[in-house]
Amino acid sequence: MSEAVRTTCPYCGVGCGVLARAGEPVEGDRAHPANFGRLCSKGTALGETLSLDGRLLHPEIDGKRATWEAALDRVASRFAATIAEHGSDSVALYVSGQLLTEDYYAANKFAKGFLGTGNIDSNSRLCMASAVAGHTTAFGEDLVPGIYADLELADLVVLVGSNLAWCHPVLYQRLLAAREARPQMRLVVIDPRRTASCDDDTLHLPLAPGTDVALFGGLLRYLWEGGFADRTFLAEHLSGVDEALAAAIAPVEVAACCGLDPDDVAAFFALFAGTRKVVTLFSQGVNQSSAGTDKVNAILNVHLLTGRIGQPGCGPLSITGQPNAMGGREVGALASMLAGHLEWGRPGDAALLREFWQAPRLATGPGAKAVDLFRAVGDGRIRAIWIIATNPAVSMPDSVAIRAALADCDFVAVSDCVRDSDTADLAHVRLPALGWGEKDGTVTNSERVISRQRAFLEAPGEARPDWWAVAQVAARMGFASAFAWTGPADIFREHARLSGTGNTGARRFDISALATLSDAEYGNLPPTRWPCAAGVPAVDRLFGDGRFPTSDGRARLRPTGYRPPENAVSPKWPLVLLTGRVRDQWHTMTRTGKTPRLLSHVPEPTLAVHPDDAAGLADGTLAIVASAWGEAVLRVRHDPGMRQGCVFVPMHWTDRFCPAGRINPAVNPARDPLSGQPELKHTPVRIAPWHSDWHGFLLTRRRLGSDLAPWCAVLPSTAGVWRHELAGQGDAAAAFARLRPLLSEADGSWIVLSDAAGGLHRAALLRDGRLEGCLFIGPDHALPPRDWLVSLFALDALVPDVRRTLLAGRPADRATVDPWICVCHSVTAGSIRRVIAAGCDSVTAVGAATRAGTNCGSCKPEIGALLRLARPLVA
Ligand code: SF4
């Protein structure tokens, strides 16, 4: 067996180390400081997502295969012509936290340095731009003070707007292990939903969406009035305390403002005040808001006031959603930033960068942030755009408007490893990019650790690195000498050199110690935390010395008065829509949607709704969610953990998987005034049953498309089977007649059952005794479970007994759906219930009996929920 390549998981901002070999399952890297060998369900399944189906393998112009020369010429000539006619700000790049730092650096240098526009923004704008703005205003620079180990050292961990168990599972596993070792450690979860991150010992504060500023403002006043401020730290290291206190609401008003039980608020305040080692971890639930920056500052304020920062087990900790959102921040690939933590507004910074890059046309100011950037595309101010490694036609709020803007844009280039995405379908030029496993460069995780992503697969077709494509276009536009890199190591060294240029310690982002790495040293670079300035001892945590990179060296408490979300609920739109992730999917499913294992957890787009808000909406039926901007149709899931008045919808589904289930057309485009981050966690909506006359499903050996019915969700299943879930209006018999011929292109023997009066129609096609496909249609969603039928496709021939029960949809001895809980070991809820009933009374005991939860551990919260449900029975 070949030696494993040390690389990094391409999904979330935890940045786990991975050992990978071509054609083998991946393993966690025990030597990596983020995960010490752990991987979550998504990371564990990485090896299953590497097939070339759906890959873009050659450049295309207007949908036809083209040479790289022709495609690069077209991009360069269209950008040059657009700038010549309409000026530098008529062009833009929209990039991604999926990019490696070297790709990011190249794109930012090209746009800001040589096209002369600030119009380069990243999909990280949707993820953590509010954290950037909050850190910068409080600390003077975008700096995450703490490290992951602080979660294990803390006595109190506060999760705000973070379903850590599902969205950053390995960090959650580290937290769980620390709590098992030190049961006195407390966990507070602040989230409108009771998520998988809550257990019996959690204090859960289900606050009203958007009220975090009031909660932390009230806490600030409570800490001050109760004498819990660190007066010495305050006197020596802080400014703005009086203004922040004046802006905060009174503690006594918090419960009413946030819709919380006053006892819970009092308990949280007392816990925070009485615990020295507190980590407040925050994520997208905080950032994705029209008050996102205020929320971040409100959290930072309480840590600063109490001096709980920069010490082991203490501090605010922002966790990014994407694998290299931090790298993008380092190279300044957001419209509001310059490279190397230089700033537009700081005297001398732009001149330093102009000189360093030898870029006389350096942009003169910030460009348009994501929402405004696509508005500028829509109204013709931006006429040429290059989109790299992201899918804004799905992921942006009000995404119907984004599609329309791109469809009307004079020139759209898309670099991606996927050929067909909702965005790539609108491109004039498609450039084939390398995927994970083929790329070579670096990423930075949420604790400032730079790790290598190394290639362990050959580049397929004509796919090339993104930095190379940028450099080639730049060269064609006359800037060859500034982009004459021979590989990613050249770019990294330039990036590292810039971080130390003119930097006598004022900029904490300094990796100049890495500026002289040889190619071999770069190749072997171990995980390295910054800052790592040449000649300066390394530190893990920032601000332990109380020095901040502001003009006076003091951190600033920023006043954050509570203001309600921009778009309020009303009688017409009475519920608040929150969007987010599910455990086993990633972004728009271009990779995780390839593996049946991961899709088995949540196979369709769902609407989680509190049972008391679900009048007329039975569990499992379809419902329409409508807002002032758009609508989606989703499978209803009753969830008593939802705060009443709120609904939750995952954001992953696209045209390829379920066109009607795309939620972002309904999401409001409000954004934070400072960070520009869209409000993905607060859209006023209404919900209603979606009228359908029939429901059905179709199982086949090939993918038939996602447009077979007015509502259609398509997903791969095991045994090479494609599952198509369907619903529609009109005559069920007519739908059956239309869909049945899709089962097979050739002849076979049919088994058919039709009960027109009952609206039941079922058919199965067998060829040489082997199941080729089946179609089930009924008047409601109460159809047979799919897993048994899917399993029959693996058989060479169906025995007579099976044929007899085939159209019943289940063997005679089985009557209920049994969903998988542990996708790593294929353990179902039924199996887990059985061992619980037999006496297993802990997650560990269930694991020992079934293996569930013993690989990645992502399903441990769900095993815990089954234990809690069963507790009265086994007590
Ligand atoms: Fe990848 Fe999971 Fe680690 Fe995130 S927690 S980096 S998705 S393995």
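As the structure lists them, so they are numbered: ligands from 1, and atoms in each ligand from 1.
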Which ligand 1 atoms does [X] reach within 4.0 Å, using its non-hydrogen atoms?
X: Tyr11; value: 7 (S)
X: Gly15; value: 6 (S)
X: Leu39; value: 8 (S)
X: Gly43; value: 8 (S)
X: Val170; value: 3 (Fe), 5 (S)

ask   = Near atom 2 (Fe) of ligand 1, is there an N/O/S atom from His168 that is less than 2.8 Å away?
value = no
Closest protein heavy atom to [atom], given as residue, atom name and distance to 0.1 Å:
atom: atom 1 (Fe) of ligand 1; value: Cys9 SG, 2.3 Å
atom: atom 3 (Fe) of ligand 1; value: Cys16 SG, 2.3 Å
atom: atom 8 (S) of ligand 1; value: Cys40 N, 3.6 Å

Within the 4.5 Å heavy-atom criterion, are Arg541 and Asp150 side-chain neighbours or not? yes
Less than 4.5 Å apart, side chain to side chain, heavy atoms only: is that true for Arg194 and Met642? no
_With a 6.0 Å cut-off (strictly less than), is the heavy-atom count around CZ of Arg419, excluding the residue itself, greater than 12?_
yes
Short version for Cys12: what comes under 4.0 Å of ligand 1, heavy atoms counted, is both
Salt bridge (Lys or Arg N to Asp or Glu O under 4.0 Å) with Asp440: of Arg464, Arg452, Arg454, only one passes, and it is Arg452
Exactly one of Asn445, Val443, Asp103 clears side chain to side chain contact (heavy atoms under 4.5 Å, CB included) with Asn324, and that residue is Val443
request  = Check the angle between the aromatic planes of Trp436 and Phe456 and answer parallel, tilted or perpendicular using the 30° and 60° thresholds.
outcome  = perpendicular
query = Parallel, tilted or perpendicular for Tyr522 and Phe492, by the 30°/60° rule?
reply = tilted
Review point. Any heavy atom of Asn35 sitting closer than 4.0 Å to ligand 1?
Key: no
query: Hey, mind stepping through His32 and Ser451 against side-chain contact (heavy atoms from CB on, under 4.5 Å) and telling me if it holds?
result: CA-CA 9 Å; His32 197 285; Ser451 296; 2.8 Å; yes
